[in-house]
Amino acid sequence: MENQEAEGTLEAAKTEVQRKSLDQREQMTDLMRLRHSCAHILATAVLRIWPDALLDIGPPTDEGYYYDFDLKSHRFSPEDFPRIEEEMRKVMKENQVFERVEKARDEARAYFEVRGQRYKTERLADIPEGETITFYQNGEFVDLCAGPHVMRTGNVKAFKLLKVASAYFRGNEKNPQLQRIYGTAFKTKDELETWLRMQEEAKKRDHRRIGAEMGLFAFDAEYVGPGLPLWLPKGTVLVEELERLAKETEFAAGYVRVRTPHLAKEKMYRTSGHLPYYAESMFAPMEFKEAEADEVATRYYLKAMNCPHHHRIFAAEPRSYRDLPLRMAEYGTCYRYEQSGELFGLMRVRSMQMNDAHIYLTPEQFTAEFNAVNDMYLKYFKIFGLDRYLMRFSTHDPSRLGQKFVNEPELWKKTEDMVRDVLKSSGINYVEVPNEAAFYGPKIDVQVWSAIGREFTIATNQVDFAVPARFGLVYRDRDNTDKTPLCIHRAPLGTHERFIGFLIEHYAGNFPLWLAPEQVRVLTIGEEAPLTEYAQSIVAELRAHQVRAEADLGNNPIKAKIQDAEVARVHTMLVVGGRDLAAGQVSVRLHSKGPQGARPRAEAIAQIVEAIRDRGS
RNA sequence: GCCAGCUUAGCUCAGCGGCAGAGCAACGGUUUUGUAAACCGUGGGUCGUCGGUUCAAUCCCGACAGCUGGCUCCA
């Protein structure tokens, strides 16, 4: 499984279609139009304050808009916002008309060249011959722009500048870095306020915040290293429950489990073909001489993916067509040296454990097997109540065969057709993205959106018809000849790190019973010995059933104990006082759902045990 | 890796060129309880690290580290 993640590529796909036709632009929503106009107002204000700013572009986004500037004389910081916003308000008060002007190409080029607006000159060159070139003008501000806009600057009434950032011109690292200002705008002040409030709420669901509150994981950059998460006991519960789910599911689907070391010799990654492309993303190798007499040092790499090890397991024994499909699973730990600026909580880390498996099969087995993998994805999505997802089907670009993609035109076509058929026939929500495949075959990445709107590639599913051959993997076929198997890489639960990061935000830390780090807490009202013993015996019985149960026997008032348990997001609270002891019952309370009434002790315990087994809510 | 911002007690955050602060948490005691915070007390800090300016630096300046927001990357 090569890529833990692939966010950003959809962005690339969007850029492909960024040159929208004028018809498409006409369909821009009112809100987009408003935001786009606000971006122009932002640029108007910036130019008034810093007349030497060079302009790039200022499109609307899902959240608002931005405008990119090249400004040598000043570095934007949030401290500039009040000043810029004030100038923007002036522009709005002036109520300038947004006026559309068509220009001939030469005229447009001359306009920007005279003003030294070199980014605009380049943008102008992007516009295909024959397309109408339009400028929009408001007051003194003129911009190359296809529009559309609102009528007047005064139409924008609710806006706010949000953050400064940098961005490479055309998104290319080799180009100059521009200063970007992000802002947002809404039709009404109320809508803006509501959105800002929602942003605040979203912060509370941030997995980093909840992870710290609940004691799930920690980072120790000083002693362990950046991007290397430590799983605390409560987070480890999540990890192990997910592993249990995966093991049960895979066992039922006919997988076998393997275990492999965390490192391998350089030869492994030379053979797999990863090293030339991937070395930068791997931790630097360990190098040493195995024996005094060795002339040359041996290099070991921490593994960045599990497939080569699995391939060697395939090669460890002779294989017959009767052994296929061979489904080899491992929650393998991988290490990737992600660039420092890319690290992001649990979502982007340098050590990760993957829900990996490699399925070795014959071409005839492909459709059935790929379908089965797909079904497993859907099964998981259902368990986690994941309904907002998109499968991104990445295919090759025939013009880059032999470079970016292995030169097997027929295999490419055949496997892509097979994958497409499966996706179509299962009625799954998917998009096809050309030129994004792995070098060894087409892939499907599963995109999900967390509750706070973050988009992630959470899982991946790839077809590999190249690497098994590089390792010389063969099986003896019916006709007594050796043949190279196909391989499906799949990781429906992605990596623990990212998947749990996602689940934390998905559930806002309020995990379903089967996942909850603390499933049950027994709270006593009073400290009399018989009551304490009653509570302890309930906890003991629950634990005997493998339920994660704790007791709060302290001397705090019951209100305080409930407060503590609610804040700790304990799934089920069993309140016991004198009445309950006398009746052999417990008073059930569910996290953020309130009291559920009293029931006999045995019944309550049986219910809990059953609910955990069913992996329900 | 690049641009910008941030870094003060376990957590959330005040503060300021001149003795380091609050709330929550922790700990000790009092209270003995019926569904989201009882009361009293105690401890807790190299103000990220290193260097500079200054009579004096948590505060000003610089470098570094980490984190955050973006960008880039993610086979």
Side-chain angles (χ1 to χ4, degrees), chain A residues 1-9 11-12 66 68 75-80 162-182 203 206 208-209 212-213 215 218-222 225-227 272-281 304-305 307 336-345 348 394 396 404-406 436-441 443 445 457 460 462 464 466-467 489 523-528 531 554-568 573-580 587-592 594-598:
Chain A
M1 209 52 42
E2 310 303 294
N3 62 328
Q4 176 201 14
E5 50 248 333
E7 72 267 25
T9 40
E11 213 45 49
Y66 63 83
D68 284 348
R75 291 232 163 265
F76 294 131
S77 95
E79 287 177 15
D80 297 323
L162 298 173
K163 54 201 173 191
V164 294
S166 78
Y168 299 104
F169 178 56
R170 291 184 198 278
N172 185 333
E173 214 177 352
K174 293 181 184 74
N175 286 339
Q177 217 166 18
L178 308 175
Q179 298 192 64
R180 175 174 294 180
I181 296 179
Y182 280 94
K203 274 191 201 160
D206 190 302
R208 291 164 297 188
R209 182 180 176 134
E213 279 170 9
F219 286 93
D220 183 346
E222 189 181 356
S272 70
H274 286 104
L275 211 49
Y277 310 94
Y278 213 79
E280 269 193 14
S281 302
M305 64 288 296
C307 16
R336 294 182 183 179
Y337 193 77
E338 304 287 359
Q339 292 186 52
S340 60
E342 293 163 347
L343 300 176
F344 174 61
R348 192 81 180 265
S394 300
H396 79 300
K404 189 176 175 186
F405 306 111
V406 292
E436 293 287 328
F439 73 81
Y440 46 64
K443 65 173 184 179
D445 291 312
T457 299
T460 176
Q462 312 176 354
D464 182 346
V467 182
H489 308 234
L523 318 175
T524 50
I525 306 170
E527 283 185 293
E528 300 80 16
L531 192 62
N555 66 356
N556 280 330
I558 189 62
K559 271 175 174 282
K561 291 185 181 182
I562 283 167
Q563 166 80 11
D564 288 348
E566 289 284 354
V567 168
M573 287 152 269
L574 301 180
V575 177
V576 294
R579 293 208 296 269
D580 303 289
S587 297
V588 179
R589 179 188 170 103
L590 296 179
H591 171 54
S592 61
Q596 310 289 309

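Keep in mind it's a predicted model, so treat the numbers as computed, not measured. Quick note on labels: first sequence line is chain A, next is B, and so on, each numbered from 1.
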request  = Could you work out the separation of B:A22 and B:G15 based on their C1' atoms and round it to a whole Å?
outcome  = 11 Å
ask   = When you compare B:G28 with B:A65, how far apart are their C1' atoms, in angstrom units rounded to a whole number?
value = 39 Å
ask   = Quick one: side chain to side chain donor-acceptor pair (under 3.5 Å) partners of A:Ser166, sequence neighbours excluded?
value = A:Gln177
task = Would you state whether a donor and an acceptor, one from the side chain of A:Tyr337 and one from the base of B:G1, lie under 3.5 Å apart?
result = no
key: Inter-nucleotide P distance (B:C11, B:A4), Å rounded   = 28 Å
task = Please report, rounded to the nearest Å, how far the P atom of B:G70 is from the CG atom of A:Asp68.
result = 15 Å
query = Hey, mind stepping through A:Lys443 and A:His489 against side chain to side chain contact (heavy atoms under 4.5 Å, CB included) and telling me if it holds?
reply = CA-CA 9 Å; A:Lys443 65 173 184 179; A:His489 308 234; over 6 Å; no
inquiry  = What is the separation between atom CG on A:Asn175 and atom P on B:C71, rounded to the nearest whole Å?
reply    = 16 Å
query = Counting only heavy atoms not in A:Phe344, do more than 12 sit closer than 6.0 Å to its CZ atom?
reply = yes
message = Which residues pass the side-chain contact (heavy atoms from CB on, under 4.5 Å) test with A:Ile558, not counting sequence neighbours?
response = A:Leu523, A:Ile525, A:Lys561, A:Ile562, A:Val575
Sort me out a list of protein N/O and nucleotides 4-12 of chain B N/O pairs below 3.5 Å, or just none if empty.
| from | atom 1 | to | atom 2 | distance (Å) |
| --- | --- | --- | --- | --- |
| B:A4 | OP1 | A:Arg75 | NE | 3.1 |

ask   = Quick check: does any side chain N or O of A:Asp206 sit under 3.5 Å from a backbone N or O of A:Lys203, one acting as donor and the other as acceptor?
value = no
Using a cut-off of under 3.5 Å, enumerate the N/O to N/O pairs linking the protein to nucleotides 63-66 of chain B.
none

task = Compare side-chain N and O positions of A:Tyr182 against OP1 and OP2 of B:C3 and report whether any pair is under 4.0 Å apart.
result = no
C1' atoms of B:A20 and B:U35, separation to the nearest Å = 41 Å
task = Quick one: label A:Phe219 by what it contacts on the DNA or RNA (base, sugar-phosphate, nothing), any heavy atom closer than 4.0 Å.
result = nothing
inquiry  = At 4.0 Å (heavy atoms only), tell me whether A:Gly345 reaches a base, stays on the sugar-phosphate, or touches nothing.
reply    = sugar-phosphate
query = When you check every protein heavy atom under 4.0 Å of nucleotides 33-39 of chain B, what one-letter string (B, S, -) results, 5' to 3'?
reply = BBBBBB-
remark   = For A:Glu528, the side-chain contact (heavy atoms from CB on, under 4.5 Å) test, sequence neighbours excluded, returns A:Pro530, A:Leu531
task = Would you mind reading off the distance between A:Arg348 atom CZ and B:C71 atom C1', rounded to a whole angstrom?
result = 13 Å
task = Indicate the ring-plane relationship of A:His274 and A:Phe439, choosing parallel, tilted or perpendicular according to the 30° and 60° boundaries.
result = perpendicular
query = CZ of A:Arg170 versus P of B:C73: gap in Å, rounded?
reply = 14 Å
remark   = Residues at least two apart in sequence or cross-chain that pass side-chain contact (heavy atoms from CB on, under 4.5 Å) with A:Glu213, listed by chain then number, are A:Arg209, A:Ile210, A:Arg569
request  = Specify the separation, in whole Å, of atom NZ of A:Lys174 and atom P of B:G1.
outcome  = 17 Å
task = Mind checking the OG-CD spacing from A:Ser587 to A:Gln596? Nearest 0.5 Å is all I need.
result = 11.0 Å
inquiry  = List the residues meeting side chain to side chain donor-acceptor pair (under 3.5 Å) with A:Arg180, not counting sequence neighbours, and say none if there are none.
reply    = A:Asp68, A:Tyr182
message = According to side-chain contact (heavy atoms from CB on, under 4.5 Å), who are the partners of A:Asn175, at least two apart in sequence or on a separate chain?
response = A:Phe169, A:Arg170, A:Asn172
Nearest-angstrom distance, C1' atom, B:G70 to B:A57 = 33 Å
query = A:Asp220 versus A:Glu222: any side-chain heavy-atom pair under 4.5 Å?
reply = yes
Close side-chain approach of A:Arg336 and A:Met305, heavy atoms under 4.5 Å = yes
task = Would you mind calling B:C19 syn or anti? Take O4'-C1'-N9-C4 for purines or O4'-C1'-N1-C2 for pyrimidines, and syn is within 90° of 0.
result = syn
query = Quick one: is B:U72 close enough that its OP1 or OP2 comes under 4.0 Å of any side-chain N or O from A:Arg180?
reply = no
Nearest-Å distance once atom C1' is located in both B:U46 and B:C59 = 16 Å
key: Separation of B:C3 P from A:Leu178 CG (nearest whole Å)   = 13 Å
request  = Go through the structure and list residues passing ring-ring contact (aromatic ring centres under 6.0 Å, His included) with A:Tyr168, not counting sequence neighbours.
outcome  = none
key: Qualifying residues under side chain to side chain donor-acceptor pair (under 3.5 Å), relative to A:Lys163, sequence neighbours excluded   = none
query = Given atom CD of A:Glu338 and atom P of B:U72, what is their separation to the nearest angstrom?
reply = 16 Å
request  = Using a 4.0 Å heavy-atom cut-off across all strands, classify A:Phe405 as base, sugar-phosphate, or nothing.
outcome  = nothing
task = Take atom CG of A:Asp80 and atom P of B:C3, then tell me their distance rounded to the nearest Å.
result = 18 Å
Stems formed with participation of RNA chain B [Watson-Crick or G-U wobble, under 3.5 Å, three or more pairs] = B:1-7 with B:65-71, B:10-13 with B:21-24, B:26-30 with B:38-42, B:48-52 with B:60-64
